[in-house]
Undergrad: 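Here's a structure for you.
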Amino acid sequence: MKIKNILISGFAASLLLSSCSVSQKLSEKPYVIVQKEGREAKKWKLVWEDDFDGNEIDSTKWSRIPKGESDWNRHMSTVDDVFRLENGSLYLRGINNPDTTKDPRPFITGGIWSKNKFAFQYGRIEIRAKLGSAQGAWPAMWMLAELDKYGKYPLNGEIDIMEHLNYDTIIYQTTHSHYTLNLGQKDNPPHGGTATVKPNEYNVYGLSWYPDKIVFQLNGKDTFTYPRVDGVDKSQWPYDQPFFILIDQQLGGKWVGKVDQSQLPVEMEIDWVKVYQ
């Protein structure tokens with residue numbers, strides 16, 4: 001999902017990518033796990049997980065996503081109504097707003113992120129989940145940069161593990177960056193793909209992330225690969241830094257279309273999240 005489009009020249013972006021210092025130091029972020037060089041050639045080991053077996057969202061791992069100004073987060077809420085933990089699953093809900101006197105928005109949604117609590121650089125992430133469908137529903141699993149190594153969005157890039165629209169039987173798996181958004185380089189190399197899915201059944205959405213490529217997966221099978229390429233603008237590969245995880249049940253926006261409130265509530269059920277290196 002595209003947060004916003006910042007117009008910066010390719011030359012300026014190259015300067016930023018080559019000269020910007022990391023705005024926050026890794027030594028100040030003990031929760032960041034960077035895969036050791038050469039580790040990708042060995043067997044994966046589980047380094048972080050959440051099975052959602054408790055009675056509350058684990059606040060050492062996640063925070064509730066607050067309201068923002070972009071399409072993806074303008075309906076986010078931190079109220080309990082849009083979250084539910086039950087039978088070892090987390091339900092992220094999109095609902096008609098039960099109290100518009102305090103909050104005038106017609107509908108609200110729930111999401112979690114690991115920002116400032118967990119981030120990783122290279123490895124494999126898998127999320128077992130079941131998606132709900134409705135007109136205007138936009139569940140997503142994605143990642144953003146923890147350290148702002150290269151500057152403001154989209155210079156640090158974005159990795160969309162899975163996005164689903166309305167009642168589609170496909171998911172979108174995509175990368176976004178200054179290179180794809182501002183420079184318009186969406187086909188050199190192709191920056192996204194789709195995969196067929198039964199959204200109302202459990203599926204494992206994931207990717208394997210290496211220093212030279214990101215391999216998207218569905219139920220353990222490779223679906224699309226975004227490679228690091230030589231001979232292009234350096235902004236093509238901002239994926240050499242730690243990213244945190246976002247999982248959210250979004251509603252509405254230019255891409256997914258108008259919300260049919262008569263079809264709410266809608267929810268995404270998350271069984272578990274696992275990260276390997």
Undergrad: Side chains of Ser63 and Lys117: is there a donor and an acceptor less than 3.5 Å apart?
TA: yes

Undergrad: If two hydrophobic side chains count as joined below 4.5 Å and joins carry through other members, does Val204 share a cluster with Leu92?
TA: no

Undergrad: In Å, rounded to the nearest 0.5 Å, how long is the span from CZ of Arg124 to CD of Gln35?
TA: 11.0 Å

Undergrad: For a 4.5 angstrom cut-off between non-hydrogen side-chain atoms, does Phe224 reach Thr175?
TA: no

Undergrad: Report yes if the side chains of Asp71 and Val256 come closer than 4.5 Å at any heavy-atom pair, otherwise no.
TA: no

Undergrad: Keeping the roles fixed (side chain from Arg93, backbone from Asp81), state whether a donor-acceptor pair exists under 3.5 Å.
TA: yes

Undergrad: Report yes or no: does Glu267 contribute a side-chain atom to a donor-acceptor pair with the main-chain N or O of Gly132 at less than 3.5 Å?
TA: no

Undergrad: Would you say the side-chain atoms of Trp142 and Asp248 include a donor-acceptor pair closer than 3.5 Å?
TA: yes

Undergrad: Would you call Glu146 and Ser114 a side-chain contact if the rule is heavy atoms closer than 4.5 Å?
TA: no

Undergrad: Compute whether any side-chain donor of one residue and acceptor of the other, for Gln241 and Tyr150, lie under 3.5 angstrom apart.
TA: no

Undergrad: May I ask you to check whether Thr101 and Asp99 show a side-chain donor-acceptor distance below 3.5 Å?
TA: yes

Undergrad: Which heavy atom of Pro199 sits nearest to which heavy atom of Asp168, and what is that distance?
TA: CG-O, 3.7 Å

Undergrad: Can you tell if the side chain of Met268 reaches within under 4.5 Å of the side chain of His164, non-hydrogen atoms only?
TA: no

Undergrad: Go through it in stages, so that I can follow the logic: the residues are Phe120 and Met143, the test is side-chain contact (heavy atoms from CB on, under 4.5 Å), and I'd like the CA-CA distance, side-chain angles, deciding distance and then a yes or no.
TA: CA-CA 10 Å; Phe120 70 105; Met143 302 196 296; 3.7 Å; yes

Undergrad: Between the main-chain N or O of Gln217 and the side-chain N or O of Gln173, is there a donor-acceptor pair closer than 3.5 Å?
TA: yes

Undergrad: Is Ile270 linked to Ile57 within one hydrophobic cluster, defined over Ile, Leu, Val, Met, Phe, Trp and Tyr using a side-chain heavy-atom separation of less than 4.5 Å?
TA: yes

Undergrad: Judged by atom type as modelled, is there a donor-acceptor pair below 3.5 Å linking the side chain of Thr109 to the main-chain atoms of His75?
TA: yes

Undergrad: Decide yes or no for Ile112 and Leu90: does some side-chain heavy atom of the first lie under 4.5 Å from some side-chain heavy atom of the second?
TA: yes

Undergrad: side-chain hydrogen bond (donor to acceptor under 3.5 Å, both in side chains) with Trp62: which residues, sequence neighbours excluded?
TA: Asp50

Undergrad: Only counting residues at least two apart or in another chain, list the ones meeting side-chain contact (heavy atoms from CB on, under 4.5 Å) with Asn73.
TA: Ser70, Met76

Undergrad: What I'd like to find out is whether the side chain of Tyr226 reaches to under 4.5 Å of the side chain of Ile159, using heavy atoms alone.
TA: no

Undergrad: Shortest non-hydrogen contact from Asn166 to Gly136?
TA: OD1-N, 2.6 Å

Undergrad: How far apart are the closest heavy atoms of Ser133 and Val266, and which atoms are they?
TA: N-CG2, 3.7 Å

Undergrad: Using ring-ring contact (aromatic ring centres under 6.0 Å, His included) as the criterion, point out the one residue from Trp209, Trp113, Tyr122, Phe118 that pairs with Phe243.
TA: Trp209

Undergrad: Taking atom CD1 of Ile108 and atom OG1 of Thr78, what is their separation to the nearest 0.5 Å?
TA: 9.0 Å

Undergrad: Using a 4.5 Å cut-off on heavy atoms from C-beta on, say whether the side chain of Asn97 contacts that of Phe107.
TA: no

Undergrad: Would you compute the distance between atom CH2 of Trp48 and atom NZ of Lys61 and round it to the nearest 0.5 angstrom?
TA: 6.0 Å

Undergrad: Decide side-chain contact (heavy atoms from CB on, under 4.5 Å) for Ile95 and Leu264; before the verdict, give the C-alpha distance in whole Å, the side-chain angles of both, and the deciding distance to 0.1 Å.
TA: CA-CA 6 Å; Ile95 64 173; Leu264 302 182; 5.7 Å; no

Undergrad: Would you check if the side chain of Gln236 reaches a backbone N or O of Pro227 as a donor-acceptor pair within less than 3.5 Å?
TA: yes

Undergrad: If the condition is side-chain contact (heavy atoms from CB on, under 4.5 Å), which residues does Lys274 pass it with, not counting sequence neighbours?
TA: Leu46, Glu49, Asp51, Trp272, Tyr276

Undergrad: Please name the pair of heavy atoms, one in Ala137 and one in Pro139, separated by the smallest distance, quoted to 0.1 Å.
TA: C-CD, 3.7 Å

Undergrad: Tell me whether Ile245 shares a hydrophobic cluster with Leu85, the cluster being built from Ile, Leu, Val, Met, Phe, Trp, Tyr side chains joined at under 4.5 Å.
TA: yes

Undergrad: Parallel, tilted or perpendicular: which describes the rings of Tyr239 and Trp237, with under 30° parallel and over 60° perpendicular?
TA: perpendicular

Undergrad: To the nearest 0.5 Å, what is the distance between CH2 on Trp72 and CG on Leu251?
TA: 13.5 Å

Undergrad: Taking the side chain as C-beta and beyond, is there a heavy-atom pair between Thr225 and Val215 under 4.5 Å?
TA: yes

Undergrad: Mind listing the closest non-hydrogen atom pair of Thr196 and Leu218 along with its distance?
TA: O-CD2, 3.3 Å

Undergrad: Mind checking whether Met162 and Tyr202 sit in one hydrophobic cluster, side chains of I, L, V, M, F, W, Y counted as touching below 4.5 Å?
TA: no

Undergrad: Checking Leu165 against Trp138 for the side-chain contact (heavy atoms from CB on, under 4.5 Å) test, could you report, in this order, the C-alpha distance in whole Å, the side-chain angles of both residues, the deciding distance, and whether it holds?
TA: CA-CA 5 Å; Leu165 306 181; Trp138 179 16; 3.7 Å; yes

Undergrad: Could you give me the CA-CA distance, side-chain angles and deciding distance for Phe244 and Asn116, then say whether side-chain contact (heavy atoms from CB on, under 4.5 Å) is met?
TA: CA-CA 8 Å; Phe244 66 89; Asn116 296 322; over 6 Å; no

Undergrad: Short question: side chain of Arg74, backbone of Glu69 - any donor-acceptor pair under 3.5 Å?
TA: yes

Undergrad: What's the separation between atom CZ in Phe83 and atom OG in Ser77, rounded to the nearest 0.5 Å?
TA: 7.0 Å

Undergrad: Step through the shown structure and confirm whether more than 12 heavy atoms of other residues, nucleotides or ligands are within 6.0 Å of CD on Glu86.
TA: yes

Undergrad: Are any side-chain N or O atoms of Asn203 and backbone N or O atoms of Tyr205, one a donor and one an acceptor, separated by less than 3.5 Å?
TA: no

Undergrad: Atom CG of Asn87 and atom CZ of Phe52: how far apart are they, to the nearest 0.5 Å?
TA: 14.5 Å

Undergrad: When you compare the side chains of Tyr91 and Gln249, does any donor N or O come within less than 3.5 Å of an acceptor on the partner?
TA: no

Undergrad: Mind listing the closest non-hydrogen atom pair of Ile170 and Val197 along with its distance?
TA: C-CG1, 4.0 Å

